[in-house]
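One structure is given below, encoded as structure tokens.
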Amino acid sequence: MKSLYDNVSFKCSKLVTKNYSTSFSLAVHMLAPGIRDAIYSIYGFVRFADEIVDSFHEYEKEYLIDDFEKEYYKAMQLGISLNPILNSFQHTVKQFNITDDLIQAFLKSMKLDLIKSNYNTQTEYEDYIYGSADVVGLMCLKVFVKGNNQKYEQLKNEAMRLGSAFQKVNFLRDLKDDNLVLNRNYFPGVNLNSFDENAKTAIINEIEEDFKVAYQGIVKLPIEAKFGVYTAFIYYKKLLKKLKNTPCSEIGNSRIRVSNYTKAGLLAQSFVTYKLKLV
């Protein structure tokens, strides 16, 4: 039965989320049950594409990402894929009317990682972030508003700013691997080999401004989505604070993390804030 296979496919996307990101998985679990599977399927799709360009060094990455894209569109045409991640994602795309421009923008940024190492201008930087992160926020927003286009347009800018903030925090957290392993520098005008406090402060100020705008959208989200998104927001704010208090030399030579114990405390904090209707 197709329904049984679809159920298995969504479970595979959930498994991908849990294994690749405990923090994001925790945030998704705080969403209403009716929209969790859709968000898991979005994460599974973007995670597999990201893994192709970031991790599969011993394989033909260009062939893999092109094949991944072709198989996605084949799934959209047929209504099924034997790749369970693509099968669950195409189901979500159709159910929540996720537009193809968002998919194409995302895949464009992923492919850039195969050919581009440095982002020298603000426009290049912003275009990459739009495709790699902002559109993922918009895909999730499509799920959250459940077809309410007026609500979608109202929250679109804030969703993009939240995606930007998350991505920039990831860039700062992953500075070591991006620079030394992948030979990438996303920050225009910043020399990662002489990364200093001035550069770090400028990046953090930019992220904090994104968070300010994003929060205004979080408080307007539908009730089914608000607690989960707020949980992710609080986690990334904590990670940014930890990065802010970490010397530049350490950021450039190690990956800064938030402990599981701290994550549990943040969840409790988020729950209290949410229940007291402070968000």
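Note that the numbering runs from 1 along the sequence shown for the chain.
- Heavy-atom contacts from other residues, nucleotides or ligands closer than 6.0 Å to NZ of K2 number more than 12.
- Looking only at distances, no side-chain donor or acceptor of Y130 sits under 3.5 Å from a matching main-chain atom of S164.
- Counted by atom type alone, S81 and Q90 present zero donor-acceptor pairs between their side chains at under 3.5 Å.
- For Q150, the CD atom is loosely surrounded, since the number of other residues' heavy atoms within 6.0 Å does not exceed 12.
- By the 4.5 Å heavy-atom criterion applied to side chains, N87 and D6 are counted as neighbours.
- Of the candidates D134, T92, I103, I39, I103 is the only one forming a side chain to side chain contact (heavy atoms under 4.5 Å, CB included) with M139.
- Taking the side chain as every heavy atom from C-beta outward, L155 and F144 never approach each other to under 4.5 Å.
- Centroid-to-centroid, the aromatic rings of Y119 and Y125 stay 6.0 Å apart or farther.
- Side-chain contact between I35 and K146 is present, with at least one heavy-atom pair separated by less than 4.5 Å.
- Aromatic ring centres of F233 and F211 lie closer together than 6.0 Å.
- Side chains of K238 and K242 form no contact here, defined as non-hydrogen atoms less than 4.5 Å apart.
- By the 6.0 Å and 45° rule, K142 stacks over the aromatic ring of Y152.
- Without hydrogens or angle criteria, K226 side chain to I218 main chain gives no donor-acceptor distance under 3.5 Å.
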Evaluate the criterion ring-ring contact (aromatic ring centres under 6.0 Å, His included) for residue pair F68 and F45; output intermediate values, then yes/no. CA-CA 10 Å; F68 188 70; F45 176 80; 5.2 Å; yes
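- In this structure, Y235 and L26 have side chains that are not in contact, with every pair of non-hydrogen atoms separated by 4.5 Å or more.
- Formation of a donor-acceptor pair under 3.5 Å by the S9 side chain with backbone atoms of Y5 is found in this model.
- How far CG of L172 is from CG of L240: 7.5 Å, rounded to the nearest 0.5 Å.
- Side-chain contact between L31 and V143 is absent, with no heavy-atom pair separated by less than 4.5 Å.
- Between K200 and E197 there is a salt bridge, with a side-chain nitrogen of the basic residue lying less than 4.0 Å from a carboxylate oxygen of the acidic one.
- With rounding to the nearest 0.5 Å, the separation of CG in L64 from NZ in K61 is 10.0 Å.
- The environment of K108 atom NZ is sparse: at most 12 non-hydrogen atoms of other residues, nucleotides or ligands sit within 6.0 angstrom.
- For the pair Y128/D113, a side-chain contact is recorded, criterion being any heavy-atom separation below 4.5 Å from C-beta on.
- Taking the six-membered ring where the residue is Trp, the centroids of Y20 and Y43 are separated by 6.0 Å or more.
- A donor-acceptor pair under 3.5 Å links the side-chain atoms of S41 to the main chain of A38, judged by distance alone.
- Every pair passing salt bridge (charged side-chain N to carboxylate O under 4.0 Å, His left out) that includes a residue from residues 44-57 is listed here, sequence neighbours excluded: R47-D50, R47-E51, D54-R184.
- Looking at N170 and Y236, their side chains come closer than 4.5 Å, going by heavy atoms from C-beta outward.
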Go through E208 and K244 one step at a time and tell me if the side chain to side chain contact (heavy atoms under 4.5 Å, CB included) criterion holds. CA-CA 11 Å; E208 288 178 335; K244 193 173 186 177; 3.1 Å; yes
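- Around the NZ atom of K94, the shell of radius 6.0 Å holds more than 12 heavy atoms that belong to other residues, nucleotides or ligands.
- Between the side chain of E126 and the backbone N or O of T123, no donor-acceptor pair lies under 3.5 Å.
- At least one donor-acceptor pair closer than 3.5 Å links the side chain of D196 to the backbone N or O of N198.
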